[in-house]
Number of protein chains: 2
Amino acid sequence: MASDHTRTAILSAAERLYADRGFGDVTLRDIVAAADVNLAAVNYHFGSKDELIAELFVTRSLATNRERLNELKLAEEAGGGRASIDAILRALVGPTLRGCLGPERERSTAARFMIRASIESVPPIRRIKNREIDHLRKFAAAMKRSLPGRSEVDLYWGLHFALAMAHQTIRDSERLTKLSEGSCDLNDVEGVIDRVVAVSVMALTGGETKIAEKVGAQRAR
Amino acid sequence: MASDHTRTAILSAAERLYADRGFGDVTLRDIVAAADVNLAAVNYHFGSKDELIAELFVTRSLATNRERLNELKLAEEAGGGRASIDAILRALVGPTLRGCLGPERERSTAARFMIRASIESVPPIRRIKNREIDHLRKFAAAMKRSLPGRSEVDLYWGLHFALAMAHQTIRDSERLTKLSEGSCDLNDVEGVIDRVVAVSVMALTGGETKIAEKVGAQRAR
DNA sequence: GATAGTTTCATACAATTGTTTGAATTGCAA
DNA sequence: TTGCAATTCAAACAATTGTATGAAACTATC
């Protein structure tokens, strides 16, 4: 490989086009035109369109996961091996939200690409997301250390809900903005993170009896 | 229209195929083959493929919205015009979750179709979802009546988070099952609803000071 | 039972798409 | 320079897809 020029030109053109127009209506011809390379170059360098998309997604995905684990490590070190549940959840949802939210005009191509990936969910990306579980398991383990008294089921539900709130906020920030007529400030990223974390922490700690009673009562029906 | 036979055959074949195999790889030819009608029938009866998909989705969507509003009305009548926040949120997320969750083998075609629609988010469906805001506004109004002391921003966030938890649970129940190695019982639909509602209620009531402090502190940075 | 309107049908259209091919070009090492 | 591998290129391939067409079949009304 003399110089990655063609390869990187394809990658960045593809990321930008997918970010701008979605996976649905961007063709390889659009990409090679924007990258100013030959059509066959995509298959030569990546094998197929899906593998190109996959490479784009794994790159950004691994970066986010690294940030998450790094924040988790810092939190655990600060807590002498046991991080607070607040810090754990913050490490989980913080990098994703910071990466995708914020003033629309300031959003990087990478951010917009990841938002698209979150909304459209095309097959090659779905396949990769399915392998994300090992990564999440590390957070589940940390949560278990942080809240040893809590049942595993509750922890998993808490983790699930935290991710749900974060992802839906990314995916559908527009709806919340419209619904609230702009009064919910999605540009205040740290404020959003605080909200998601606060609710998640409450789900995992505050409502112990409440949830246990309700779910118990439900099951006994 | 002598008999809707062709029309309904197309609708139910399409719903089943989309439910089973997703929007991505079901063609009009697949649908007409399954419905045992002519290819041109789709364009004749629906105008276009997208309009067919739209009709499928609006039908199910309106049904869910009716259920939601009905539950809301019952709750408000029971509370003398002011429903409890618990009941409001239950009316919001209950119908959707009941419609889409439950034992996989017992799921109706309609349920599986709506799960697909939630996962794949194809353009005609996205367009319809964007018009859902008026419907949600009714729940926001009910919540406002139920929790007059709460700021509107908090209410919108609570509504947003409730829907986030419900939808992510539908969209990604598989991940939660795998992550928890089956210990999170997603077949206990009422139990799931209880969890979502309980967390949402806590988000809207329990943590008032906590969230206010945190968000406030954050904003002051 | 003729007629007008509706519905069905086979077929073709037109455009798009990812992929492949084989030759040309380039870059680098011997 | 020569030779070889890597890369680029134009062109074509092959398959799919939604849609349009115009004739045929059907239905119900008068």
Side-chain angles (χ1 to χ4, degrees), chain A residues 1-58 113 116-117 120-128, chain B residues 1-58 113 116-117 120-128:
Chain A
M1 78 180 84
S3 91
D4 282 343
H5 170 267
T6 303
R7 228 187 107 87
T8 49
I10 291 172
L11 282 172
S12 74
E15 185 171 52
R16 184 169 54 78
L17 287 178
Y18 284 140
D20 287 345
R21 292 158 42 190
F23 296 98
D25 58 326
V26 170
T27 69
L28 289 190
R29 283 168 177 80
D30 294 332
I31 294 171
V32 299
D36 198 36
V37 302
N38 187 271
L39 174 58
V42 173
N43 288 277
Y44 179 78
H45 284 281
F46 299 93
S48 71
K49 183 196 186 187
D50 278 9
E51 288 172 87
L52 167 60
I53 294 177
E55 171 148 348
L56 282 172
F57 185 72
V58 297
F113 174 82
R116 281 285 179 196
E120 295 196 12
S121 176
V122 75
I125 290 182
R126 265 203 297 276
R127 278 191 284 275
I128 294 164
Chain B
M1 79 183 78
S3 93
D4 282 343
H5 172 267
T6 303
R7 229 187 106 86
T8 50
I10 291 172
L11 282 171
S12 74
E15 184 171 52
R16 185 170 53 78
L17 287 177
Y18 285 140
D20 287 344
R21 292 159 40 190
F23 297 98
D25 58 328
V26 171
T27 70
L28 289 190
R29 283 166 176 82
D30 293 333
I31 294 171
V32 298
D36 199 36
V37 301
N38 187 271
L39 174 58
V42 173
N43 287 277
Y44 178 78
H45 284 281
F46 300 93
S48 71
K49 183 196 187 186
D50 278 10
E51 288 172 88
L52 166 60
I53 294 177
E55 172 148 348
L56 282 171
F57 185 72
V58 297
F113 173 83
R116 282 284 179 196
E120 295 197 11
S121 176
V122 74
I125 291 182
R126 263 203 298 276
R127 277 191 284 273
I128 294 164

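Letters go in sequence order (proteins before strands), and every chain restarts at 1. Every heavy atom of this structure was used, including side-chain atoms; hydrogens, water molecules and symmetry mates were not.
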Notebook entry, point to check: Got a salt bridge between Glu55(A) and Arg7(A), using NZ or NE/NH1/NH2 to carboxylate O under 4.0 Å?
Noted result: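 Yes, this pair counts.
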
Check: Got a salt bridge between Arg127(A) and Asp50(A), using NZ or NE/NH1/NH2 to carboxylate O under 4.0 Å?
Finding: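 The answer is yes: the pair qualifies as a salt bridge.
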
To the nearest Å, how far apart are [X] [atom1] and [N] [atom2]?
X	N	atom1	atom2	value
Phe46(B)	dA20(D)	CZ	P	16 Å
Leu52(B)	dT19(D)	CG	P	10 Å
Arg7(A)	dA6(D)	CZ	C1'	14 Å
Asp25(B)	dG18(D)	CG	P	11 Å
His45(B)	dT19(D)	NE2	C1'	16 Å
Leu39(B)	dT17(D)	CG	P	11 Å
Leu28(B)	dT11(C)	CG	C1'	16 Å
Tyr44(B)	dA25(D)	OH	C1'	13 Å

Note to self: Looking at Asn38(A) and dA10(D), is any side-chain donor or acceptor paired with a base atom of the opposite kind under 3.5 Å?
What the structure shows: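 Yes, a donor-acceptor pair under 3.5 Å.
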
Given [options], identify the nucleotide with an atom nearest to the side chain of [X].
X	options	answer
Lys49(A)	dT17(D), dA20(D), dT19(C)	dT19(C)
Thr27(A)	dA6(D), dG18(C), dT19(D)	dG18(C)
Arg29(B)	dT19(D), dG18(C), dT8(C)	dT19(D)

Check: Given dT8(D), is OP1 or OP2 found less than 4.0 Å from the side-chain N or O atoms of His5(A)?
Finding: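 For His5(A), the contact criterion (side-chain N or O under 4.0 Å from OP1 or OP2 of dT8(D)) is not met.
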
Check: Taking only side-chain nitrogens and oxygens of Thr6(B), does any of them come within less than 4.0 Å of OP1 or OP2 of dT8(C)?
Finding: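 Yes, Thr6(B) has a side-chain N/O under 4.0 Å of OP1/OP2 on dT8(C).
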
Notebook entry, point to check: When the nearest nucleotide of DNA chain C is assigned to Gly24(A) and to Gly47(A) on a heavy-atom basis, which residue is associated with the more 5' position?
Noted result: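 Mapping each residue to its closest nucleotide by heavy atoms, the 5'-most match is Gly24(A).
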
Next item on the list: With heavy atoms under 4.0 Å as the rule, sort Ala41(A) into base, sugar-phosphate or nothing.
Entry: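 Nothing, no heavy atom under 4.0 Å.
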
Note to self: Which residue is it: Val37(B), Thr27(B), Asn38(B), Thr6(B)? I am looking for the one with a side chain to side chain contact (heavy atoms under 4.5 Å, CB included) to Val32(B).
What the structure shows: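 When Val37(B), Thr27(B), Asn38(B), Thr6(B) are each tested with Val32(B), the side chain to side chain contact (heavy atoms under 4.5 Å, CB included) holds only for Val37(B).
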
Check: Under 3.5 Å, is there a donor-acceptor pair between the side chain of Arg29(B) and the main chain of Leu39(B)?
Finding: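 Absent.
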
Margin query: Angle between ring planes, Phe113(B) versus Tyr18(B), binned at 30° and 60°: parallel, tilted or perpendicular?
Written below: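 Taking Tyr18(B) first and then Phe113(B), their aromatic rings sit tilted (interplane angle of 30° to 60°).
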
